[in-house]
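Each chain gets a letter, A, B and so on, in the order the sequences are listed, and its residues count up from 1.
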Amino acid sequence: MELGRLEYLQALVTEFQVTDSTEAKEQVLANLANFAYDPSNYEYLRQLQVLDLFLDMLSEDNESLVEFAMGGLCNLCLDKTNKEYILEANGVEPIINCLSSSNEETVVSAVTTLMFLTTPRSRAQTTALPVVECMLRFSLSANKRLSNLASIFLQDYCSPPQLEEARNLSKHTAVGIPLPKD
Amino acid sequence: MAGVRKERLKLEKIFKIMKPNPHLFPASCQGAVESNKVFPTHFFSRLSTPPPGSLSCSSSDLWPRPFTSSVALLWTCSGPQCLGERGSELSPGLEVYTINLESRYVLIQGVPALGVMKELVEQFALYGAIEEYHALDEYPAEQFTEVYLIKFKKLQCARVAKKKMDERSFFGSLLHVCYAPEFETVQETREKLQDRRKYIAKATNQRDCFVLKKIEGPKKTASKNSEQDCPWSTSGSHVARNWDPSCFTSSPGVSHNIAYPSGNQNQSLLSPYYDNNCAEIPGYFGENTSLTPSVHPGGHAPPASLMQQRMVPAYNGIDRFLPRTTHLQERKRKREEGNKFSLIGTSEDNTEVVIGPQLPEIPKVDMDDESLNTSATLIRNKLKEVADSVSTSVEKPESSSAKPLVKQRRRI
């Protein structure tokens with residue numbers, strides 16, 4: 001059974017690589033991202049370098065691919081091994097970039113992923129000043145999901161000095177990371 | 001090379017003409033466990049010929065549709081893999097389910113305006129305890145239909161209910177069920193994320209030491225729930241046993257498993273009384289990060305009477321050999337242990353909105369009989385006096401009894 005599962009996932013990845021059809025890529029990526037929800041698949045996904053695939057897709061122009069890849073990362077990044085892998089691969093930066101996406105799901109997944117990826121070593125990056133400032137703005141959003149997540153980020157992952165610094169920054173700058181369109 | 005190209009074209013054709021079939025998904029979801037036995041292999045080497053014993057389709061069918069999301073469902077035992085109504089703009093129907101999309105709140109559209117709220121709630125209560133429900137009068141609805149919001153006590157129940165009830169006919173109308181995370185409070189979202197964290201930690205046997213968590217004492221209800229560590233889809237068989245529309249209780253078959261493993265991550269924060277075995281108890285460990293008061297996600301703890309009922313089976317093997325007073329003292333000790341590691345968590349249990357009779361805070365042990373309760377209270381008070389003076393000698397046998405109790409739960 002385990003061999004069959006690996007084969008199946010391998011087939012998905014192969015299909016993603018060889019197909020020229022955008023729709024096919026989206027479907028495959030969505031499938032892989034949904035598989036990433038189940039921890040029993042993690043070993044195979046790592047073996048098949050799906051984590052790298054997700055990270056690579058974050059810089060695509062296709063909004064759907066970014067959304068699905070970001071969702072996939074959100075699903076699997078809580079696993080310790082996956083987390084370390086993503087951090088080692090400098091995955092935080094492209095995820096932070098996703099905060100400025102106009103796609104609601106992408107942003108929401110990015111906020112959650114940053115929280116999940118926060119470790120003592122990575123927190124300097126995941127809670128960097130621009131990120132905290134962005135979360136401050138998100139926490140005021142009319143989008144309840146986004147504001148909830150941003151509030152949790154600020155309350156649970158940021159220290160009071162960080163919050164203070166970000167608030168001061170907000171006062172002085174007018175340009176920030178835009179809120180996603182609903 | 002030509003063979004590969006032929007296969008690729010065939011697969012592309014599958015992708016292009018295939019649209020997510022909402023009527024297909026629920027069946028596939030339900031078959032998530034059974035389908036593990038039917039294991040399609042060799043998708044790509046034998047596209048034209050189904051292997052023997054495979055899914056029953058004619059060879060002219062688009063078998064085995066390896067890339068349908070419904071087939072993807074065959075491979076996962078957990079998580080809401082059904083594609084829902086919220087697709088991306090570019091590919092309608094495609095959806096990636098993350099913890100952010102899921103919620104204890106479910107929105108039900110298409111309910112016929114026939115005054116069937118009670119029946120609707122009863123139907124959904126089959127899948128787990130419901131905390132709140134009400135009609136959403138302002139929500140846009142089709143003519144002659146209404147929209148309802150139901151809040152389950154457990155995310156897992158909401159998952160099952162959504163899967164089972166979505167696209168189901170109800171009084172002649174087709175229901176449309178989706179998650180509604182926008183109704184969550186910040187705290188509910190926080191708990192949801194923490195539960196997901198715990199689940200992953202347990203499923204992958206890992207400890208996440210970074211986020212400081214406040215751990216509440218293990219709830220006794222976990223004793224029953226730990227027995228149910230099985231794929232969620234099989235919980236359907238347990239659900240029907242003891243559902244209650246007024247919903248106090250969580251059906252043990254549903255309130256378990258995926259969302260509520262305690263995870264080894266708790267271990268470092270537990271007292272010496274609890275070893276690895278104890279950390280395996282799924283369920284109601286409240287968990288929180290350092291900056292926030294802990295709130296118990298499983299604070300949906302069943303009433304004391306049911307706690308008592310659930311505790312008894314786990315104690316059965318030991319009951320014969322330990323005097324009853326020892327159990328009472330052990331519960332007291334465990335409560336005290338729990339209080340050591342929680343902040344406001346325990347008290348927050350009482351702020352949970354629960355439909356049904358209010359739980360009395362005291363007595364902790366409810367014998368369903370006034371005289372018995374009085375006796376229990378008297379005994380408890382007496383024990384308290386005794387325990388204070390004889391604490392050391394009593395603790396040791398209790399702590400040793402904790403381990404076999406935990407082990408017993410795990411075996412069952």
Side-chain angles (χ1 to χ4, degrees), chain A residues 1 3-5 7-8 11-12 14-15 18-24 26-31 33-35 37-42 62-64 67-68 70-72 74-75 78-81 103 105 108-109 111-112 115-116 118-120 123 143-145 147-149 151-152 155-157 159, chain B residues 4 8 11-12 14-16 18 36 39-44 66-69 71-73 75-81 83 86 88-91 94-101 181-186 188-190 193 196-197 199-201 203-204 206-208 210-211 288-292:
Chain A
M1 186 181 282
L3 268 181
R5 187 182 284 248
E7 274 182 20
Y8 182 77
L12 279 179
T14 305
E15 176 58 22
V18 303
T19 186
D20 298 321
S21 157
T22 305
E23 196 178 338
E26 289 170 4
Q27 292 210 22
V28 170
L29 200 65
N31 272 322
N34 279 325
F35 277 128
Y37 193 92
D38 185 351
S40 61
N41 295 319
Y42 288 170
N62 182 324
E63 257 192 28
S64 290
E67 176 190 333
F68 299 153
M70 196 61 250
C74 179
N75 280 340
L78 266 176
D79 171 84
K80 195 157 178 263
T81 313
N103 179 301
E105 289 306 320
V108 158
S109 295
V111 174
T112 307
M115 285 195 276
F116 288 164
T118 301
T119 67
R123 76 176 310 175
N143 184 314
K144 196 69 169 62
R145 273 201 304 159
S147 66
N148 279 1
L149 289 169
S151 300
I152 294 166
Q155 291 168 19
D156 299 0
Y157 295 86
S159 63
Chain B
V4 171
R8 192 194 310 171
L11 289 166
E12 283 190 274
I14 291 171
F15 271 119
K16 278 175 185 159
M18 187 180 57
N36 281 333
F39 216 86
T41 57
H42 309 292
F43 280 132
F44 297 92
F67 298 123
T68 58
S69 300
V71 173
L73 293 169
W75 294 82
T76 58
C77 298
S78 65
Q81 300 301 324
L83 295 191
R86 292 183 261 185
S88 68
E89 284 176 16
L90 299 174
S91 306
L94 268 185
E95 192 75 59
V96 169
Y97 274 84
T98 65
I99 191 65
N100 298 319
L101 262 181
E182 59 271 23
F183 287 91
E184 290 173 1
T185 62
V186 174
E188 286 167 347
T189 305
R190 176 182 281 119
L193 297 182
R196 172 75 180 159
R197 194 185 275 273
Y199 164 62
I200 297 292
T204 55
Q206 289 171 357
R207 304 174 198 187
D208 184 353
F210 169 62
V211 181
N288 230 319
T289 54
S290 56
L291 301 177
T292 56

Least distance between heavy atoms, A:N148 atom then B:T189 atom: ND2-OG1, 3.1 Å
B:T204 side chain reached by A:T81 side chain, heavy atoms, under 4.5 Å: no
Tell me if a side-chain donor or acceptor on A:D79 pairs with a main-chain N or O of B:I200 at a distance below 3.5 Å. no
Grab the two heavy atoms, one from B:R197 and one from A:M115, that are nearest each other, plus how far apart they are. NH2-O, 3.8 Å
At their closest point, which heavy atom of A:R145 faces which heavy atom of B:E182, and how far apart are they? CG-N, 4.2 Å
Closest heavy-atom pair, A:N34 versus B:Y97, reported as atoms and distance to 0.1 Å, is OD1-N, 2.9 Å
With a 4.5 Å limit on heavy-atom distance, are the side chains of B:L193 and A:L149 in contact? yes
Output yes when a side-chain donor or acceptor of B:N100 lies under 3.5 Å from a complementary backbone atom of A:E105, and no otherwise. no
Just by modelled atom types, is the A:S151 backbone N or O under 3.5 Å from a matching donor or acceptor in the B:R190 side chain? no
Minimum heavy-atom separation for A:Y37 to B:T98, with atom names? CE1-C, 4.2 Å
Keeping the roles fixed (side chain from A:K144, backbone from B:P181), state whether a donor-acceptor pair exists under 3.5 Å. no
